[in-house]
Amino acid sequence: MGKLDAVHTSNAALVQRQPLVAVFFGGTGGIGHVTLRALATAEVNNGGKGLRAYIVGRKAEAAKDFIAECRGIYPGGQFKFVQAKDLSLIREVDQVCADIRRMEEEEEGQDARIDYLMMGQGGSIFLPRIDTKEGIDRTMALMYYSRMRAIINLLPLLLRSTLPATVVSVYAAGAEAKLFPEDLSLRNPSHYSYSQARSHMVYMHTLFMETLAEQNRGKLALIHIFPGLVLGPGFQSPEYPTWFRVVWRWVFIPLFGRILTVPPNECGARMLSLASPRYPPLPVDGPKSEAGVAVGTDGRPGSGVYSLNWNAESNRNGKAYQKINKVEMRRKVWDHTMKAFEVIEAGGVFTE
Ligand SMILES: NC(=O)c1ccc[n+]([C@@H]2O[C@H](COP(=O)([O-])OP(=O)(O)OC[C@H]3O[C@@H](n4cnc5c(N)ncnc54)[C@H](OP(=O)(O)O)[C@@H]3O)[C@@H](O)[C@H]2O)c1
């Protein structure tokens with residue numbers, strides 16, 4: 001999906017195919033925001049069949065303005081805000097997902113479903129380890145655990161998609177480096193740094209998603225994408241360390257900003273194009289080598305989980321997985337993640 005023309009053609013085909021139901025975690029800002037804007041624009045420009053969109057975020061005022069903008073672009077669409085206090089907490093993710101399920105099931109009945117789920121919550125990077133009251137590092141909670149929890153919670157609606165459903169997690173696909181298999185949570189202080197946490201989250205995305213793809217053959221395409229550098233309000237967040245904000249504003253942007261960034265509208269259109277048949281679920285009878293199908297994380301075309309670069313081409317880091325026993329690590333990551341959810345759901349603090 002390299003060329004932008006192909007992206008727009010694919011998005012036009014998507015909206016003309018059927019009415020869409022889309023959910024955006026982190027939809028009040030950044031990449032979630034520009035992707036929903038691209039979807040509303042594609043609907044109106046191509047005679048789309050209709051849209052119901054759920055916007056999940058913290059800031060009600062930002063959501064109100066954004067919904068007004070979306071209605072201005074596409075008056076025929078339905079845009080609903082679901083407020084989240086803090087998605088670094090798994091129990092808050094549960095609450096938000098229960099709200100979405102209730103709204104969709106009560107209001108839409110037989111038609112309740114999700115066709116496209118995007119997760120981009122939590123923009124700040126390079127933060128030190130801070131555990132949430134549920135016992136997970138806050139950065140890892142926002143960019144890995146909360147996202148896998150949202151997929152699990154919303155699975156009943158995703159499995160009812162008539163497309164089938166596409167799940168997109170926007171973070172750092174392809175950045176696998178060192179892995180501590182016996183310390184997935186990075187509790188040992190000598191193991192923790194932001195880049196080490198990023199490496200773990202990327203491995204865990206791939207391995208957890210591969211299990212999900214296997215369990216939901218023919219139903220669910222799962223994508224982890226590195227979006228490139230997309231400038232947005234997130235980079236001015238007071239959560240960033242001062243050194244980062246100074247270097248960013250006075251050195252990086254003036255020197256490299258224009259040449260190294262992906263324009264937000266282009267990024268939004270590319271993120272939407274991930275719902276194309278180029279990224280299919282793992283077929284019931286195993287991957288087939290069909291023309292025009294992307295290569296999955298296991299190196300086979302159409303294998304249901306995709307690690308992608310900003311231009312939606314595969315950036316799978318095959319070498320990283322040659323060094324580990326993938327079957328065993330898949331099981332380990334699944335057990336670890338589900339155990340965290342189980343402990344927290346029961347009101348406990350996760351300590352493994
Ligand atoms: N933009 C880039 O250049 C870039 C590059 C590589 C990777 N990424 C990754 O891609 C993802 C999306 O990036 P982005 O640029 O769209 O980020 P962003 O502009 O900072 O947007 C983040 C979104 O997450 C929400 N959010 C943040 N913390 C939250 C919390 N504790 N609870 C609930 N919602 C929360 C924000 O909601 P509110 O507005 O309500 O606060 C906002 O909607 C991030 O994981 C980022 O690390 C981005």
Side-chain angles (χ1 to χ4, degrees), residues 11 14-15 19-44 48-89 92-108 111-124 142-143 146-147 149-151 153-154 157-158 161 165-171 223 225 227 230 232-234 237 264-265 267-275:
N11 291 346
L14 172 72
V15 298
L20 297 171
V21 185
V23 176
F24 297 85
F25 278 73
T28 45
I31 294 168
H33 178 117
V34 295
T35 306
L36 177 50
R37 200 163 59 196
L39 176 51
T41 306
E43 292 278 356
V44 85
K49 295 233 165 104
L51 169 63
R52 259 190 326 274
Y54 294 88
I55 300 163
V56 181
R58 289 174 296 187
K59 297 181 188 131
E61 271 308 303
K64 204 168 131 205
D65 293 348
F66 182 38
I67 286 177
E69 183 193 347
C70 288
R71 287 191 180 131
I73 297 171
Y74 182 43
Q78 292 179 50
F79 303 94
K80 307 175 189 193
F81 177 51
V82 183
Q83 190 158 23
K85 284 191 214 82
D86 181 2
L87 289 173
S88 70
L89 297 174
E92 179 73 12
V93 177
D94 290 352
Q95 182 56 54
V96 163
C97 293
D99 288 347
I100 295 170
R101 283 188 65 178
R102 184 183 37 73
M103 287 161 88
E104 192 51 21
E105 281 159 5
E106 278 178 11
E107 288 163 31
E108 307 302 332
D111 193 35
R113 66 181 194 284
I114 296 172
D115 303 307
Y116 181 92
L117 167 63
M118 166 173 273
M119 293 165 296
Q121 62 264 39
S124 300
L142 277 167
M143 300 190 201
S146 68
R147 300 180 183 198
R149 181 64 167 180
I151 304 173
N153 285 343
L154 297 175
L157 290 176
L158 289 162
S161 170
T166 299
V167 171
V168 178
S169 180
V170 186
Y171 181 47
I223 293 169
I225 187 162
V230 185
S237 167
N265 286 344
C267 171
R270 288 188 182 281
M271 295 295 144
L272 180 60
S273 73
L274 303 177

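Please read all numbers here as calculations on a predicted model, not as lab measurements.
Salt bridge annotation for Asp86-Arg58: absent, with no cationic side-chain nitrogen under 4.0 angstrom from a carboxylate oxygen. Ion pairing between Glu107 and Lys80 holds under the 4.0 Å rule for side-chain N and carboxylate O.
Summarising the geometry, atom CG belonging to Asp94 is positioned 11.0 Å from atom CZ belonging to Arg101; distances are rounded to the nearest 0.5 Å. Between Phe25 atom CZ and Ser146 atom OG the span is 8.0 Å, to the nearest 0.5 Å. One distance of note links CG of Leu117 with OG of Ser169; it measures 9.0 Å at 0.5 Å rounding. Distance check: Thr28 OG1 to Lys64 NZ gives 15.0 Å after rounding to the nearest 0.5 Å. Here Arg149 contributes atom CZ and Leu154 contributes atom CG; the two are 10.5 Å apart, rounded to the nearest 0.5 Å. The distance from the CZ atom of Phe79 to the OH atom of Tyr74 is 7.5 Å, given to the nearest 0.5 Å.
Contact of the Arg37 side chain with the Asn265 side chain is registered, since non-hydrogen atoms from C-beta on lie closer than 4.5 Å. Using a 4.5 Å cut-off on side-chain heavy atoms (C-beta onward), Ile114 and Ser161 make no contact. No side-chain heavy atom of Tyr171 sits less than 4.5 Å from a side-chain heavy atom of Ile225. A heavy-atom distance below 4.5 Å is not found between the side chains of Leu20 and Tyr116. Under the 4.5 Å side-chain criterion, counting only non-hydrogen atoms from C-beta, Leu36 is not in contact with Met118. With a 4.5 Å cut-off on side-chain heavy atoms, Asp99 and Val56 do not count as touching. Side-chain contact check for Val82 versus Ile55: every heavy-atom pair is 4.5 Å or farther apart.
With Gln121 contributing its side chain and Gly26 its backbone, the two residues share no donor-acceptor pair below 3.5 Å. Side chain of Arg147 to backbone of Val170: a donor-acceptor contact under 3.5 angstrom is found.
Under the salt bridge (charged side-chain N to carboxylate O under 4.0 Å, His left out) criterion, Arg113 pairs with Asp111, Asp115, sequence neighbours left out. For Glu104, the salt bridge (charged side-chain N to carboxylate O under 4.0 Å, His left out) partners at least two apart in sequence or on another chain are Arg52. By the ring-ring contact (aromatic ring centres under 6.0 Å, His included) test, Phe66 is found to be paired with His33, residues two or more places apart in sequence or in another chain being considered.
Among all heavy-atom pairs drawn from Val96 and Ala84, the shortest one is CG2-CB, 3.7 Å. Scanning all heavy atoms of the two residues, the minimum distance from Pro227 to Cys267 falls at CB-SG, 4.4 Å. When every heavy atom of Ile151 is checked against every heavy atom of Leu158, the shortest pair comes out as O-CD1, 4.1 Å. For the pair Ala22 and Leu51, the tightest heavy-atom approach, listed with the atom from each and the gap, is CB-CD1, 4.5 Å. The minimum heavy-atom distance between Thr35 and Leu272, with the atom names listed, is CG2-N, 4.0 Å.
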### Task
Show your reasoning for whether side chain to side chain contact (heavy atoms under 4.5 Å, CB included) applies to Leu157 and Glu105.
CA-CA 9 Å; Leu157 290 176; Glu105 281 159 5; 3.9 Å; yes
